**Student:** 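Could you have a look at this structure, given as structure tokens, before my questions?
Only a predicted model underlies this, so the values are computations on that prediction, with no experimental measurement involved.
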Amino acid sequence: MKKISTTGISTTGITRRSMLKMTATAALIGAVKTAFPSGAFAAGTGPEVKGVKLGFIALTDSAPLIIAKEKGFFDKHGLPETDVAKQASWGATRDNLVLGGAANGIDGAHILSPLPYLMHTGKVTQNNKPVPMAILARLNLDSQGISVAKEYAETGVQLDASKLKAAFEKKKAEGKEVKAAMTFPGGTHDLWIRYWLAAGGIDPNKDVSTIVVPPPQMVANMKVGNMDVFCVGEPWNEQLVNQGIGFTAATTGELWKGHPEKALGLRAEWIEKNPNAAKALLMAVMEAQQWCESMDNKAEMADILGKRQWFNVPSKDVLGRLKGDINYGNGREAKATDLYMKFWKDGASYPFKSHDTWFMTENIRWGNLPATTDVKALVNQVNREDVWREAAKDLGVAAADIPASSSRGKETFFDGKVFDPENPSAYLDSLSIKAVS
């Protein structure tokens, strides 16, 4: 097993010119940090711009951006012209970020946490051209779902995916393809469904065909038989159950309790040009996250998200799992669980570097990044938890809500595997199903 490099980012798949660009960008980011030491932004005259162009996918975890817009938090922090625009898919989000707001694209987005990294390294961009990116905050913890077509109900599959193995083998023996849908290669939903399948002895690279389907299209595609299982965020798992098309085998919080999910990602160039606005944006999003966290606001939140311009779904498809009420759709119902989506509680907003280290390690596991990737250096380039801390300080966030460390420490998964961010290679070695050797 190759050890994960701690000496430098691999140049595999990255041209010398691209590497020079990435190095220059890293230097520029460093210069900005030096020019604006801790607390310096507070003395500024306010945001350099009146708004920012943001993208979102119709997923419940985009709520902080939508609520910040609806409740006037962007206005409050000097960004009244902020636009929150619906994106058709994660691929569209990527493409519009590559364009940037000045070229009729977007400057930032509600985004899959690994995607800024995959863009930063040029792994998912045209001609593998790196687009320097930054993560300013995490938007939520937990509350994605792994759902299964109704035809597999008799297997009794829940958290243990091995119950699907015989049914999948039978279907393949009949000459039919077994399809597992996720929302973007290397993204969170891809990693969750792969982890779940592999823990059950099902190799996602060999035993099933993984396909990409945009979140809002998951239910319709399962309805017509285009996939056997899928992983997506809410409200689409709940809508699937409400329409009687399939059932939820497990929520992702059952795989990894308190797991990180979406992020607030921005083009590094925009942050460099607009450091005060970046902090103002963060403060608006943080206030929205605090509003979203309150159980007293869940019903209103579901109504807002359900509106035509946002998700265009019945609010009941949003509300249940927002409150931790889970109808799995297979005879199981759980009320008032702690598997609801967290927006502020338990450090949900803070972008732990240890979590990004796991996302990068899993992308190495499945061959999306080379095994020689210097994960620590990459995370330090993209993760801007320093800006989060400055914003939290200016917003007056309670000290108890500001993590003391950029690492949450060791993480334990439902199958007993342990991820130590200080030794990701040991974690990789412990996994029997993976693309790397």
**Student:** With a 4.5 Å heavy-atom cut-off, do Asn274 and Pro47 have their side chains touching?
**Tutor:**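 Answer no - side chains too far apart.
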**Student:** Can you confirm whether the side chains of Trp192 and Gln144 place a donor and an acceptor under 3.5 Å from each other?
**Tutor:**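 No, Gln144 and Trp192 have no side-chain donor paired with an acceptor closer than 3.5 Å.
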**Student:** If we ignore angles and hydrogens, is there a donor and acceptor under 3.5 Å between the side chains of Lys353 and Asn380?
**Tutor:**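 Looking only at side-chain atoms, Asn380 and Lys353 do form a donor-acceptor pair, the distance falling under 3.5 Å.
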**Student:** Can you check whether Glu300 reaches Ile304 side chain to side chain, under 4.5 Å on heavy atoms?
**Tutor:**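 The answer is yes; the side chains approach within 4.5 Å.
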**Student:** Output side-chain donor-acceptor pairs under 3.5 Å for residues 315-323, partner residues at least two apart or in another chain, one line each.
**Tutor:**
residue	atom	partner	partner atom	Å
Ser315	OG	Asp303	OD1	3.2
Asp317	OD1	Asn242	ND2	2.7
Asp317	OD2	Gln239	NE2	3.1
Arg321	NH1	Glu234	OE2	3.1
Arg321	NH1	Thr248	OG1	3.3
Arg321	NH2	Thr248	OG1	3.0
Arg321	NH2	Asn327	O	3.2

**Student:** For the side chain of Asn297 and the backbone of Cys292, is there at least one donor-acceptor N/O pair under 3.5 Å apart?
**Tutor:**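 The answer is no, because no donor-acceptor pair under 3.5 Å joins these two groups.
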**Student:** Between Phe413 and Tyr195, is the ring centroid distance below 6.0 Å?
**Tutor:**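 Yes; Tyr195 has its ring centre under 6.0 Å from that of Phe413.
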**Student:** Can you tell me if Lys417 uses its side chain to pair, donor with acceptor, with the backbone of Ser430 under 3.5 Å?
**Tutor:**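 Yes: the side chain of Lys417 pairs with the backbone of Ser430.
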**Student:** Which residues satisfy the side-chain hydrogen bond (donor to acceptor under 3.5 Å, both in side chains) test with Lys176, sequence neighbours excluded?
**Tutor:**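 None.
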**Student:** Hey, mind stepping through Asn330 and Gln158 against side-chain hydrogen bond (donor to acceptor under 3.5 Å, both in side chains) and telling me if it holds?
**Tutor:** CA-CA 9 Å; Asn330 56 359; Gln158 295 181 17; 5.7 Å; no
**Student:** For the backbone of Ala92 and the side chain of Ser89, can you confirm whether one donor and one acceptor N or O come within less than 3.5 Å of each other?
**Tutor:**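 A pair under 3.5 Å: yes.
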**Student:** Are the side chain of Trp388 and the backbone of Ser349 linked by a donor-acceptor contact shorter than 3.5 Å?
**Tutor:**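 Confirmed, Trp388 side chain pairs with Ser349 backbone.
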**Student:** Could you pull out the closest heavy-atom pair between Leu240 and Val219, with the gap in Å?
**Tutor:**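 Looking at all heavy atoms of both residues, the shortest contact is N-CG2, 4.0 Å.
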**Student:** Are the charged groups of Asp207 and Lys165 less than 4.0 angstrom apart, N to O?
**Tutor:**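 Salt bridge between Asp207 and Lys165, a charged N being under 4.0 Å from a carboxylate O: no.
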**Student:** When the ring centroid of Trp358 is compared with that of His259, is the distance short of 6.0 Å?
**Tutor:**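 Judged by ring-centre distance (under 6.0 Å), Trp358 and His259 do not meet the cut-off.
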**Student:** Can you tell me if Glu48 uses its side chain to pair, donor with acceptor, with the backbone of Asn276 under 3.5 Å?
**Tutor:**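 Confirmed, Glu48 side chain pairs with Asn276 backbone.
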**Student:** Is it the case that over 12 heavy atoms from other parts of the model lie below 6.0 angstrom from the CD atom of Gln126?
**Tutor:**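 For Gln126, atom CD is not crowded (no more than 12 foreign heavy atoms under 6.0 Å).
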**Student:** Does Asn363 reach the main-chain N or O of Gly186 with its side chain, forming a donor-acceptor pair under 3.5 Å?
**Tutor:**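 Indeed, once roles are kept as given, a pair shorter than 3.5 Å links the two residues.
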**Student:** Who pairs with Asp190 by side-chain hydrogen bond (donor to acceptor under 3.5 Å, both in side chains), at least two apart in sequence or on another chain?
**Tutor:**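 Applying side-chain hydrogen bond (donor to acceptor under 3.5 Å, both in side chains) to Asp190 gives Arg194.
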**Student:** Distance-only, no hydrogens or angles: does the Lys342 side chain make a donor-acceptor pair with backbone N or O of Tyr340 under 3.5 Å?
**Tutor:**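 Checking the backbone N and O of Tyr340 against the side chain of Lys342, a donor-acceptor pair under 3.5 Å is found.
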**Student:** Does this structure show an ion pair linking Glu362 with Arg365, if we count only N-O contacts that are shorter than 4.0 Å?
**Tutor:**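 Between Arg365 and Glu362 there is a salt bridge, with a charged N closer than 4.0 Å to a carboxylate O.
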**Student:** Report yes or no: is the cationic atom of Lys170 (NZ for Lys, CZ for Arg) closer than 6.0 Å to the six-membered ring centre of Phe168, at no more than 45° off its axis?
**Tutor:**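 So Lys170 doesn't make the cation-pi contact.
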